[in-house]
Number of protein chains: 2
Amino acid sequence: MTTVTTRGISILLVDDHPVVRQGYRRVLEHQDDFRVVAEADNAANAYRAFKSHEPDVVVMDISMPGASGLEAIRNIRARDADARILVFSMHSEAAQVKAAFGAGASGFVTKGSEPAELIAAIRSVARGEHAMSDDVARVLALESLVPTRSALDQLGEREIEILRQFAAGSTKEQIAANLNLSTKTVQNYHYLIKAKTGMRTDAQLVRLAVECGLANL
Amino acid sequence: MTTVTTRGISILLVDDHPVVRQGYRRVLEHQDDFRVVAEADNAANAYRAFKSHEPDVVVMDISMPGASGLEAIRNIRARDADARILVFSMHSEAAQVKAAFGAGASGFVTKGSEPAELIAAIRSVARGEHAMSDDVARVLALESLVPTRSALDQLGEREIEILRQFAAGSTKEQIAANLNLSTKTVQNYHYLIKAKTGMRTDAQLVRLAVECGLANL
DNA sequence: AGTTTGGTCGGGCAAATTTCCCGACCTGCA
DNA sequence: TGCAGGTCGGGAAATTTGCCCGACCAAACT
(Lines give C-alpha, C1' and ligand atoms only; values in the text may rest on other atoms or scores of the structure.)
Protein backbone atom coordinates (compact mmCIF):
# COMPACT_ATOMS: atom_id res chain seq x y z
CA MET A 1 0.00 0.00 0.00
CA THR A 2 3.00 2.25 0.19
CA THR A 3 3.04 2.75 -3.55
CA VAL A 4 2.28 6.03 -5.24
CA THR A 5 -1.42 5.57 -4.97
CA THR A 6 -3.91 8.26 -4.10
CA ARG A 7 -2.12 11.09 -5.81
CA GLY A 8 -2.64 13.07 -2.58
CA ILE A 9 -0.42 15.84 -1.22
CA SER A 10 1.48 14.99 1.96
CA ILE A 11 2.07 17.94 4.24
CA LEU A 12 4.37 18.80 7.12
CA LEU A 13 2.99 21.51 9.38
CA VAL A 14 5.47 23.67 11.27
CA ASP A 15 4.36 26.24 13.81
CA ASP A 16 5.39 26.85 17.38
CA HIS A 17 1.80 27.38 18.41
CA PRO A 18 0.01 24.07 19.00
CA VAL A 19 -3.44 25.60 18.74
CA VAL A 20 -2.65 27.09 15.37
CA ARG A 21 -1.34 23.77 14.15
CA GLN A 22 -4.48 22.02 15.30
CA GLY A 23 -6.71 24.56 13.63
CA TYR A 24 -4.98 24.40 10.32
CA ARG A 25 -4.59 20.68 10.40
CA ARG A 26 -8.37 20.53 10.57
CA VAL A 27 -8.79 22.98 7.72
CA LEU A 28 -6.28 21.22 5.52
CA GLU A 29 -7.56 17.75 6.14
CA HIS A 30 -10.93 18.92 4.97
CA GLN A 31 -9.46 18.65 1.51
CA ASP A 32 -9.53 15.00 0.75
CA ASP A 33 -6.37 15.07 -1.30
CA PHE A 34 -4.37 16.60 1.57
CA ARG A 35 -2.66 14.50 4.20
CA VAL A 36 -0.94 16.17 7.14
CA VAL A 37 1.71 13.57 7.78
CA ALA A 38 3.64 15.34 10.51
CA GLU A 39 3.87 18.41 12.68
CA ALA A 40 6.80 20.23 14.23
CA ASP A 41 7.04 23.07 16.70
CA ASN A 42 10.51 24.36 15.95
CA ALA A 43 13.22 24.50 13.33
CA ALA A 44 15.14 21.48 14.52
CA ASN A 45 12.09 19.28 14.69
CA ALA A 46 10.95 20.55 11.33
CA TYR A 47 14.22 19.43 9.82
CA ARG A 48 14.01 16.04 11.46
CA ALA A 49 10.39 15.59 10.48
CA PHE A 50 11.22 16.49 6.91
CA LYS A 51 13.97 13.93 6.76
CA SER A 52 11.81 11.13 8.06
CA HIS A 53 8.59 11.94 6.21
CA GLU A 54 9.74 13.67 3.04
CA PRO A 55 6.42 15.47 2.61
CA ASP A 56 5.36 16.97 -0.69
CA VAL A 57 4.87 20.37 0.92
CA VAL A 58 6.09 21.97 4.12
CA VAL A 59 3.78 24.63 5.52
CA MET A 60 5.83 26.68 7.90
CA ASP A 61 5.46 29.65 10.18
CA ILE A 62 8.82 31.41 10.18
CA SER A 63 8.26 33.67 13.16
CA MET A 64 9.73 31.27 15.65
CA PRO A 65 12.37 32.19 18.24
CA GLY A 66 15.79 32.80 16.79
CA ALA A 67 14.71 33.55 13.24
CA SER A 68 15.11 29.83 12.99
CA GLY A 69 12.35 29.52 10.47
CA LEU A 70 14.62 30.81 7.74
CA GLU A 71 17.28 28.51 9.00
CA ALA A 72 14.94 25.59 8.79
CA ILE A 73 14.14 26.48 5.21
CA ARG A 74 17.79 26.59 4.32
CA ASN A 75 18.45 23.33 6.11
CA ILE A 76 15.69 21.55 4.34
CA ARG A 77 16.63 22.92 0.96
CA ALA A 78 20.24 22.02 1.59
CA ARG A 79 19.13 18.47 2.21
CA ASP A 80 16.70 18.35 -0.68
CA ALA A 81 16.90 21.02 -3.34
CA ASP A 82 13.45 20.04 -4.60
CA ALA A 83 11.70 20.54 -1.29
CA ARG A 84 8.57 22.70 -1.56
CA ILE A 85 8.18 25.02 1.36
CA LEU A 86 5.25 27.33 1.81
CA VAL A 87 5.79 30.03 4.38
CA PHE A 88 2.76 30.88 6.40
CA SER A 89 3.46 34.02 8.34
CA MET A 90 1.76 36.56 10.49
CA HIS A 91 3.54 39.44 8.79
CA SER A 92 4.02 40.45 5.23
CA GLU A 93 6.95 42.83 5.30
CA ALA A 94 8.77 42.82 2.01
CA ALA A 95 12.04 42.10 3.74
CA GLN A 96 10.71 38.97 5.35
CA VAL A 97 9.13 37.79 2.15
CA LYS A 98 12.36 38.28 0.28
CA ALA A 99 14.33 36.57 2.99
CA ALA A 100 11.98 33.62 2.82
CA PHE A 101 12.22 33.27 -0.94
CA GLY A 102 15.92 33.87 -0.72
CA ALA A 103 16.19 31.01 1.70
CA GLY A 104 14.42 28.77 -0.74
CA ALA A 105 10.71 29.03 0.02
CA SER A 106 8.30 28.35 -2.82
CA GLY A 107 5.43 30.36 -1.48
CA PHE A 108 4.36 32.92 1.08
CA VAL A 109 0.88 33.26 2.52
CA THR A 110 -0.10 35.45 5.45
CA LYS A 111 -2.19 34.17 8.29
CA GLY A 112 -4.74 36.83 7.49
CA SER A 113 -5.53 35.16 4.19
CA GLU A 114 -8.65 33.13 3.53
CA PRO A 115 -8.22 29.39 4.01
CA ALA A 116 -9.01 29.04 0.32
CA GLU A 117 -5.91 31.06 -0.48
CA LEU A 118 -3.75 28.82 1.65
CA ILE A 119 -5.21 25.72 0.07
CA ALA A 120 -4.73 27.05 -3.43
CA ALA A 121 -1.18 28.02 -2.57
CA ILE A 122 -0.43 24.54 -1.28
CA ARG A 123 -1.66 23.03 -4.53
CA SER A 124 0.46 25.48 -6.48
CA VAL A 125 3.69 24.81 -4.69
CA ALA A 126 2.96 21.07 -4.78
CA ARG A 127 2.95 21.43 -8.58
CA GLY A 128 6.33 23.11 -8.31
CA GLU A 129 5.03 26.60 -8.89
CA HIS A 130 5.54 29.65 -6.77
CA ALA A 131 2.66 31.13 -4.89
CA MET A 132 1.84 34.01 -2.63
CA SER A 133 -1.29 35.52 -1.23
CA ASP A 134 -2.66 38.72 -2.67
CA ASP A 135 -1.57 40.94 0.17
CA VAL A 136 1.97 39.64 -0.07
CA ALA A 137 1.99 40.19 -3.80
CA ARG A 138 0.82 43.75 -3.28
CA VAL A 139 3.53 44.49 -0.75
CA LEU A 140 6.19 43.02 -3.00
CA ALA A 141 4.91 44.86 -6.04
CA LEU A 142 5.01 48.11 -4.12
CA GLU A 143 8.49 47.37 -2.96
CA SER A 144 9.67 46.72 -6.46
CA LEU A 145 8.68 50.23 -7.47
CA VAL A 146 10.98 51.98 -5.06
CA PRO A 147 14.67 51.79 -5.78
CA THR A 148 15.76 48.64 -3.99
CA ARG A 149 19.05 47.01 -4.66
CA SER A 150 18.93 44.15 -2.21
CA ALA A 151 18.07 42.64 1.10
CA LEU A 152 20.45 45.17 2.55
CA ASP A 153 17.97 47.99 2.17
CA GLN A 154 16.57 47.20 5.54
CA LEU A 155 19.92 48.06 7.04
CA GLY A 156 20.87 51.50 8.23
CA GLU A 157 23.96 53.49 7.36
CA ARG A 158 25.97 52.19 10.25
CA GLU A 159 24.91 48.64 9.81
CA ILE A 160 25.97 48.67 6.18
CA GLU A 161 29.37 50.04 7.03
CA ILE A 162 29.92 47.46 9.73
CA LEU A 163 28.79 44.67 7.46
CA ARG A 164 31.12 45.95 4.76
CA GLN A 165 34.15 45.92 7.01
CA PHE A 166 33.18 42.61 8.50
CA ALA A 167 32.80 40.99 5.11
CA ALA A 168 36.12 42.49 4.09
CA GLY A 169 37.66 40.38 6.80
CA SER A 170 38.09 42.83 9.63
CA THR A 171 37.90 41.71 13.21
CA LYS A 172 35.23 43.19 15.41
CA GLU A 173 37.93 44.94 17.39
CA GLN A 174 39.32 46.47 14.24
CA ILE A 175 35.92 47.64 13.15
CA ALA A 176 35.32 49.11 16.58
CA ALA A 177 38.64 50.90 16.40
CA ASN A 178 38.02 52.16 12.87
CA LEU A 179 34.62 53.53 13.74
CA ASN A 180 35.41 54.60 17.27
CA LEU A 181 32.92 52.30 18.87
CA SER A 182 33.09 49.83 21.68
CA THR A 183 33.59 46.22 20.73
CA LYS A 184 30.29 45.51 22.39
CA THR A 185 28.45 47.80 20.06
CA VAL A 186 29.99 46.17 17.04
CA GLN A 187 28.98 42.80 18.41
CA ASN A 188 25.46 44.08 18.87
CA TYR A 189 25.40 45.34 15.30
CA HIS A 190 26.70 42.07 14.07
CA TYR A 191 23.90 40.32 15.84
CA LEU A 192 21.34 42.84 14.61
CA ILE A 193 22.50 42.53 11.03
CA LYS A 194 22.23 38.77 11.11
CA ALA A 195 18.76 39.04 12.57
CA LYS A 196 17.61 41.61 10.01
CA THR A 197 18.99 39.80 7.01
CA GLY A 198 17.96 36.41 8.27
CA MET A 199 21.46 35.07 7.92
CA ARG A 200 22.42 32.57 10.54
CA THR A 201 26.08 32.09 9.83
CA ASP A 202 28.91 34.53 9.39
CA ALA A 203 29.65 32.78 6.15
CA GLN A 204 26.16 33.45 4.87
CA LEU A 205 26.57 37.07 5.85
CA VAL A 206 29.77 37.37 3.89
CA ARG A 207 28.20 35.77 0.86
CA LEU A 208 25.28 38.14 1.10
CA ALA A 209 27.58 41.12 1.28
CA VAL A 210 29.56 39.93 -1.70
CA GLU A 211 26.42 39.21 -3.70
CA CYS A 212 25.16 42.70 -2.99
CA GLY A 213 28.39 44.22 -4.13
CA LEU A 214 29.11 45.50 -0.67
CA ALA A 215 32.41 43.71 -0.62
CA ASN A 216 34.50 42.92 -3.64
CA LEU A 217 36.11 39.59 -3.54
CA MET B 1 68.61 59.65 -10.62
CA THR B 2 66.73 62.08 -8.45
CA THR B 3 65.85 59.76 -5.65
CA VAL B 4 64.17 60.79 -2.46
CA THR B 5 67.05 59.73 -0.28
CA THR B 6 67.17 62.99 1.61
CA ARG B 7 65.29 61.37 4.45
CA GLY B 8 66.60 57.87 3.99
CA ILE B 9 64.44 54.83 4.53
CA SER B 10 62.42 54.79 7.74
CA ILE B 11 61.87 51.36 9.18
CA LEU B 12 59.50 49.76 11.67
CA LEU B 13 60.92 46.62 13.23
CA VAL B 14 58.45 43.99 14.43
CA ASP B 15 59.56 40.89 16.30
CA ASP B 16 58.44 39.39 19.54
CA HIS B 17 62.00 38.69 20.54
CA PRO B 18 63.67 41.81 22.03
CA VAL B 19 67.17 40.47 21.54
CA VAL B 20 66.55 39.83 17.89
CA ARG B 21 65.16 43.32 17.46
CA GLN B 22 68.20 44.81 19.11
CA GLY B 23 70.57 42.84 16.96
CA TYR B 24 68.93 43.74 13.70
CA ARG B 25 68.42 47.34 14.70
CA ARG B 26 72.17 47.57 15.06
CA VAL B 27 72.76 45.88 11.71
CA LEU B 28 70.27 48.06 9.91
CA GLU B 29 71.41 51.31 11.42
CA HIS B 30 74.84 50.56 10.12
CA GLN B 31 73.43 51.64 6.79
CA ASP B 32 73.44 55.38 6.95
CA ASP B 33 70.34 55.72 4.81
CA PHE B 34 68.34 53.49 7.15
CA ARG B 35 66.50 54.80 10.17
CA VAL B 36 64.72 52.42 12.53
CA VAL B 37 61.97 54.73 13.71
CA ALA B 38 60.04 52.28 15.84
CA GLU B 39 59.83 48.77 17.16
CA ALA B 40 56.93 46.53 18.13
CA ASP B 41 56.69 43.16 19.78
CA ASN B 42 53.29 42.01 18.60
CA ALA B 43 50.68 42.49 15.94
CA ALA B 44 48.61 45.07 17.78
CA ASN B 45 51.59 47.22 18.61
CA ALA B 46 52.86 46.87 15.07
CA TYR B 47 49.61 48.26 13.77
CA ARG B 48 49.68 51.14 16.22
CA ALA B 49 53.30 51.90 15.51
CA PHE B 50 52.61 51.88 11.79
CA LYS B 51 49.78 54.35 12.20
CA SER B 52 51.83 56.78 14.23
CA HIS B 53 55.13 56.52 12.35
CA GLU B 54 54.12 55.60 8.81
CA PRO B 55 57.49 54.07 8.06
CA ASP B 56 58.71 53.45 4.53
CA VAL B 57 59.24 49.78 5.27
CA VAL B 58 58.00 47.41 7.92
CA VAL B 59 60.35 44.54 8.69
CA MET B 60 58.29 41.91 10.40
CA ASP B 61 58.66 38.47 11.90
CA ILE B 62 55.38 36.69 11.34
CA SER B 63 55.94 33.76 13.65
CA MET B 64 54.31 35.43 16.61
CA PRO B 65 51.69 33.80 18.80
CA GLY B 66 48.33 33.38 17.13
CA ALA B 67 49.55 33.70 13.55
CA SER B 68 49.01 37.37 14.23
CA GLY B 69 51.84 38.36 11.94
CA LEU B 70 49.67 37.76 8.91
CA GLU B 71 46.90 39.60 10.64
CA ALA B 72 49.18 42.55 11.24
CA ILE B 73 50.08 42.61 7.56
CA ARG B 74 46.46 42.65 6.55
CA ASN B 75 45.66 45.33 9.09
CA ILE B 76 48.42 47.58 7.91
CA ARG B 77 47.61 47.05 4.25
CA ALA B 78 43.97 47.69 4.96
CA ARG B 79 44.94 51.01 6.50
CA ASP B 80 47.45 51.90 3.80
CA ALA B 81 47.40 49.95 0.56
CA ASP B 82 50.85 51.32 -0.30
CA ALA B 83 52.52 50.03 2.83
CA ARG B 84 55.71 48.08 2.15
CA ILE B 85 56.07 45.10 4.40
CA LEU B 86 59.07 42.81 4.37
CA VAL B 87 58.53 39.56 6.16
CA PHE B 88 61.53 38.29 8.03
CA SER B 89 60.85 34.75 9.08
CA MET B 90 62.56 31.79 10.60
CA HIS B 91 60.91 29.40 8.16
CA SER B 92 60.56 29.28 4.44
CA GLU B 93 57.71 26.90 3.79
CA ALA B 94 55.97 27.70 0.56
CA ALA B 95 52.63 27.92 2.31
CA GLN B 96 53.85 30.56 4.70
CA VAL B 97 55.49 32.55 1.96
CA LYS B 98 52.32 32.48 -0.09
CA ALA B 99 50.22 33.40 2.89
CA ALA B 100 52.49 36.35 3.55
CA PHE B 101 52.37 37.63 -0.02
CA GLY B 102 48.68 36.91 -0.09
CA ALA B 103 48.24 39.06 2.97
CA GLY B 104 50.03 41.88 1.23
CA ALA B 105 53.71 41.50 2.01
CA SER B 106 56.19 42.92 -0.49
CA GLY B 107 59.07 40.70 0.43
CA PHE B 108 60.14 37.61 2.29
CA VAL B 109 63.59 37.00 3.74
CA THR B 110 64.54 34.16 6.05
CA LYS B 111 66.52 34.74 9.19
CA GLY B 112 69.15 32.42 7.87
CA SER B 113 70.00 34.87 5.11
CA GLU B 114 73.06 37.07 5.08
CA PRO B 115 72.51 40.57 6.47
CA ALA B 116 73.39 41.85 3.03
CA GLU B 117 70.38 40.05 1.61
CA LEU B 118 68.09 41.62 4.17
CA ILE B 119 69.51 45.04 3.48
CA ALA B 120 69.16 44.62 -0.26
CA ALA B 121 65.62 43.39 0.18
CA ILE B 122 64.73 46.43 2.27
CA ARG B 123 66.00 48.74 -0.44
CA SER B 124 64.02 46.80 -3.02
CA VAL B 125 60.73 46.94 -1.24
CA ALA B 126 61.34 50.59 -0.38
CA ARG B 127 61.46 51.20 -4.13
CA GLY B 128 58.15 49.43 -4.43
CA GLU B 129 59.58 46.22 -5.80
CA HIS B 130 59.09 42.73 -4.53
CA ALA B 131 61.98 40.89 -2.96
CA MET B 132 62.80 37.55 -1.48
CA SER B 133 65.94 35.80 -0.38
CA ASP B 134 67.45 33.11 -2.55
CA ASP B 135 66.31 30.22 -0.40
CA VAL B 136 62.76 31.46 -0.42
CA ALA B 137 62.86 31.87 -4.17
CA ARG B 138 64.11 28.33 -4.53
CA VAL B 139 61.33 26.90 -2.37
CA LEU B 140 58.70 28.85 -4.25
CA ALA B 141 60.09 27.88 -7.63
CA LEU B 142 60.02 24.26 -6.62
CA GLU B 143 56.48 24.64 -5.40
CA SER B 144 55.40 26.18 -8.66
CA LEU B 145 56.45 23.05 -10.53
CA VAL B 146 54.04 20.76 -8.76
CA PRO B 147 50.36 21.28 -9.46
CA THR B 148 49.26 23.75 -6.84
CA ARG B 149 46.06 25.61 -7.10
CA SER B 150 46.10 27.64 -3.94
CA ALA B 151 46.81 28.14 -0.30
CA LEU B 152 44.40 25.30 0.29
CA ASP B 153 46.94 22.73 -0.75
CA GLN B 154 48.17 22.54 2.75
CA LEU B 155 44.78 21.28 3.81
CA GLY B 156 43.83 17.64 3.94
CA GLU B 157 40.82 15.98 2.39
CA ARG B 158 38.62 16.37 5.41
CA GLU B 159 39.67 19.92 6.06
CA ILE B 160 38.80 20.89 2.52
CA GLU B 161 35.38 19.35 2.77
CA ILE B 162 34.66 21.07 6.05
CA LEU B 163 35.85 24.39 4.73
CA ARG B 164 33.68 23.93 1.66
CA GLN B 165 30.55 23.32 3.66
CA PHE B 166 31.38 26.07 6.07
CA ALA B 167 31.90 28.57 3.29
CA ALA B 168 28.65 27.42 1.74
CA GLY B 169 26.94 28.70 4.85
CA SER B 170 26.41 25.54 6.85
CA THR B 171 26.42 25.58 10.60
CA LYS B 172 29.01 23.53 12.40
CA GLU B 173 26.22 21.29 13.67
CA GLN B 174 25.01 20.71 10.13
CA ILE B 175 28.50 19.91 8.95
CA ALA B 176 28.96 17.52 11.84
CA ALA B 177 25.68 15.84 10.98
CA ASN B 178 26.49 15.65 7.29
CA LEU B 179 29.89 14.10 7.89
CA ASN B 180 28.93 12.05 10.91
CA LEU B 181 31.31 13.80 13.25
CA SER B 182 30.94 15.36 16.63
CA THR B 183 30.41 19.10 16.73
CA LYS B 184 33.59 19.28 18.71
CA THR B 185 35.62 17.79 15.91
CA VAL B 186 34.20 20.22 13.41
CA GLN B 187 35.05 23.06 15.75
CA ASN B 188 38.56 21.72 16.02
CA TYR B 189 38.85 21.53 12.24
CA HIS B 190 37.54 25.01 11.90
CA TYR B 191 40.20 26.21 14.25
CA LEU B 192 42.87 24.15 12.51
CA ILE B 193 41.91 25.44 9.09
CA LYS B 194 42.10 29.02 10.22
CA ALA B 195 45.49 28.35 11.73
CA LYS B 196 46.82 26.61 8.62
CA THR B 197 45.58 29.18 6.17
CA GLY B 198 46.49 32.11 8.35
CA MET B 199 42.98 33.44 8.22
CA ARG B 200 41.92 35.15 11.37
CA THR B 201 38.27 35.74 10.67
CA ASP B 202 35.49 33.54 9.41
CA ALA B 203 34.89 36.15 6.77
CA GLN B 204 38.46 35.85 5.52
CA LEU B 205 38.03 32.10 5.43
CA VAL B 206 34.94 32.39 3.29
CA ARG B 207 36.65 34.78 0.92
CA LEU B 208 39.58 32.42 0.64
CA ALA B 209 37.30 29.52 -0.14
CA VAL B 210 35.46 31.50 -2.77
CA GLU B 211 38.68 32.76 -4.31
CA CYS B 212 39.94 29.22 -4.55
CA GLY B 213 36.80 28.08 -6.24
CA LEU B 214 35.92 25.88 -3.32
CA ALA B 215 32.61 27.60 -2.91
CA ASN B 216 30.64 29.21 -5.67
CA LEU B 217 28.96 32.36 -4.67
C1' DA C 1 5.45 72.25 22.26
C1' DG C 2 4.89 67.44 22.83
C1' DT C 3 5.26 62.94 21.32
C1' DT C 4 6.21 59.08 18.50
C1' DT C 5 9.55 56.94 15.74
C1' DG C 6 13.87 55.15 14.52
C1' DG C 7 18.87 55.10 14.29
C1' DT C 8 22.91 54.88 17.23
C1' DC C 9 25.36 53.32 21.25
C1' DG C 10 26.47 50.27 24.93
C1' DG C 11 25.53 47.38 29.59
C1' DG C 12 24.32 42.75 31.44
C1' DC C 13 24.52 37.97 31.71
C1' DA C 14 23.62 33.10 30.77
C1' DA C 15 24.81 30.04 27.23
C1' DA C 16 27.58 28.84 23.53
C1' DT C 17 31.85 28.96 21.14
C1' DT C 18 36.69 29.53 20.41
C1' DT C 19 41.26 28.58 21.36
C1' DC C 20 44.74 25.83 22.21
C1' DC C 21 46.62 21.61 24.05
C1' DC C 22 46.43 16.89 24.58
C1' DG C 23 46.03 11.65 23.64
C1' DA C 24 44.45 7.87 20.58
C1' DC C 25 43.84 5.53 16.43
C1' DC C 26 44.92 4.46 11.66
C1' DT C 27 47.80 4.32 7.30
C1' DG C 28 51.62 4.79 4.50
C1' DC C 29 56.28 4.84 4.00
C1' DA C 30 61.14 4.60 4.97
C1' DT D 1 59.76 -0.87 13.10
C1' DG D 2 59.20 3.26 13.78
C1' DC D 3 57.62 7.61 12.83
C1' DA D 4 55.26 11.16 10.40
C1' DG D 5 50.87 12.87 9.53
C1' DG D 6 45.85 12.79 8.85
C1' DT D 7 41.66 11.96 11.52
C1' DC D 8 38.88 12.18 15.62
C1' DG D 9 37.50 14.04 19.98
C1' DG D 10 38.17 15.43 25.26
C1' DG D 11 39.24 19.36 28.50
C1' DA D 12 39.21 23.96 30.23
C1' DA D 13 39.97 28.78 30.26
C1' DA D 14 38.90 32.78 27.72
C1' DT D 15 35.98 34.92 24.67
C1' DT D 16 31.84 35.67 22.05
C1' DT D 17 27.01 35.21 21.10
C1' DG D 18 22.20 35.81 21.69
C1' DC D 19 18.92 38.43 23.37
C1' DC D 20 17.17 41.89 26.33
C1' DC D 21 17.41 46.30 28.16
C1' DG D 22 17.88 51.62 28.78
C1' DA D 23 19.75 56.15 27.04
C1' DC D 24 20.51 59.62 23.78
C1' DC D 25 19.43 62.23 19.80
C1' DA D 26 17.31 63.87 15.54
C1' DA D 27 13.56 63.95 12.46
C1' DA D 28 8.80 63.57 11.72
C1' DC D 29 4.41 63.41 13.23
C1' DT D 30 -0.07 65.86 15.90
Side-chain angles (χ1 to χ4, degrees), chain A residues 16 42-44 63-72 93-95 152-166 169-206, chain B residues 16 42-44 63-71 91 93-95 152-166 169-206:
Chain A
D16 58 340
N42 63 53
S63 51
M64 294 182 288
S68 50
L70 290 173
E71 185 192 1
E93 293 94 51
L152 300 183
D153 295 337
Q154 50 192 318
L155 300 182
E157 185 75 26
R158 222 81 248 249
E159 293 161 337
I160 289 282
E161 178 57 22
I162 286 171
L163 174 56
R164 206 185 53 67
Q165 296 199 25
F166 178 75
S170 296
T171 300
K172 295 207 180 65
E173 282 78 12
Q174 290 171 36
I175 298 174
N178 290 342
L179 301 181
N180 251 93
L181 296 176
S182 82
T183 299
K184 191 63 221 285
T185 296
V186 176
Q187 286 171 348
N188 281 334
Y189 273 111
H190 179 233
Y191 168 73
L192 225 200
I193 292 167
K194 282 204 284 188
K196 279 195 181 178
T197 57
M199 297 298 133
R200 195 120 273 302
T201 296
D202 282 358
Q204 293 171 3
L205 210 50
V206 173
Chain B
D16 57 340
N42 62 54
S63 50
M64 294 183 288
S68 51
L70 289 173
E71 185 192 0
H91 323 280
E93 294 93 52
L152 300 183
D153 295 336
Q154 52 192 317
L155 300 182
E157 185 75 26
R158 220 85 244 254
E159 291 161 340
I160 290 281
E161 179 56 22
I162 286 171
L163 173 55
R164 206 187 53 68
Q165 296 199 26
F166 178 76
S170 296
T171 301
K172 295 207 181 65
E173 282 78 13
Q174 290 171 36
I175 298 174
N178 290 342
L179 301 181
N180 251 95
L181 296 175
S182 82
T183 300
K184 191 65 221 292
T185 296
V186 176
Q187 286 171 349
N188 281 335
Y189 273 112
H190 179 233
Y191 169 73
L192 225 201
I193 293 167
K194 283 205 282 188
K196 278 196 182 179
T197 56
M199 297 298 132
R200 200 106 214 83
T201 295
D202 282 357
Q204 293 171 4
L205 212 49
V206 173

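Quick caveat: nothing in here was measured; it's all calculated off a predicted structure. The sequence lines fix the lettering, A, B, ..., with proteins before strands; numbering per chain opens at 1.
- Taking each heavy atom of A:A203 and B:G169 in turn, the nearest pair found is CB-CA, 4.1 Å.
- The stretch residues 178-189 of chain A touches DNA chain C through A:L181, A:S182, A:K184, A:T185, A:N188, A:Y189, each having a heavy atom under 4.0 angstrom from the strand.
- Residue B:Q165 holds its CD atom at 4.5 Å from CG of B:L179, rounded to the nearest 0.5 Å.
- Summarising the geometry, the separation between CZ on B:R158 and C1' on D:dG5 is reported as 16 Å, rounded to the nearest angstrom.
- Smallest separation of non-hydrogen atoms from B:T201 and A:T171: OG1-OG1, 3.9 Å.
- Distance, B:K172 NZ to C:dA16 C1': 11 Å, rounded to whole Å.
- Among the heavy atoms of the strands lying under 4.0 Å from A:E173 are primed sugar atoms or P, OP1, OP2 only; no base atom is included.
- Remark: P of D:dT7 and CG of B:L163 are 13 Å apart, rounded to the nearest angstrom.
- The separation between B:Y191 atom OH and D:dT15 atom P is 14 Å, rounded to whole Å.
- Of all the heavy atoms in B:I175 and B:S170, the pair that sits closest is CG1-CB, 3.7 Å.
- Every residue two or more places apart in sequence or in another chain that forms a salt bridge (Lys or Arg N to Asp or Glu O under 4.0 Å) with A:E161 is listed here: A:R164.
- If you measure from atom CD of A:E157 to atom C1' of D:dA26, you get 15 Å, rounded to the nearest angstrom.
- For A:I193 and C:dC9, the CD1 to P distance is 12 Å, given to the nearest whole Å.
- Atom C1' of nucleotide C:dT19 and atom CZ of B:R200 are separated by 9 Å, given to the nearest angstrom.
- As rounded to whole Å, 12 Å separates atom P of C:dT17 from atom CG of A:D202.
- Pairing for D:dT7 is with C:dA24, a Watson-Crick or G-U wobble pair whose two hydrogen-bonding atom distances lie under 3.5 Å.
- Put simply, the side chain of A:F166 reaches to within 4.5 Å of the side chain of A:D202, judged on heavy atoms.
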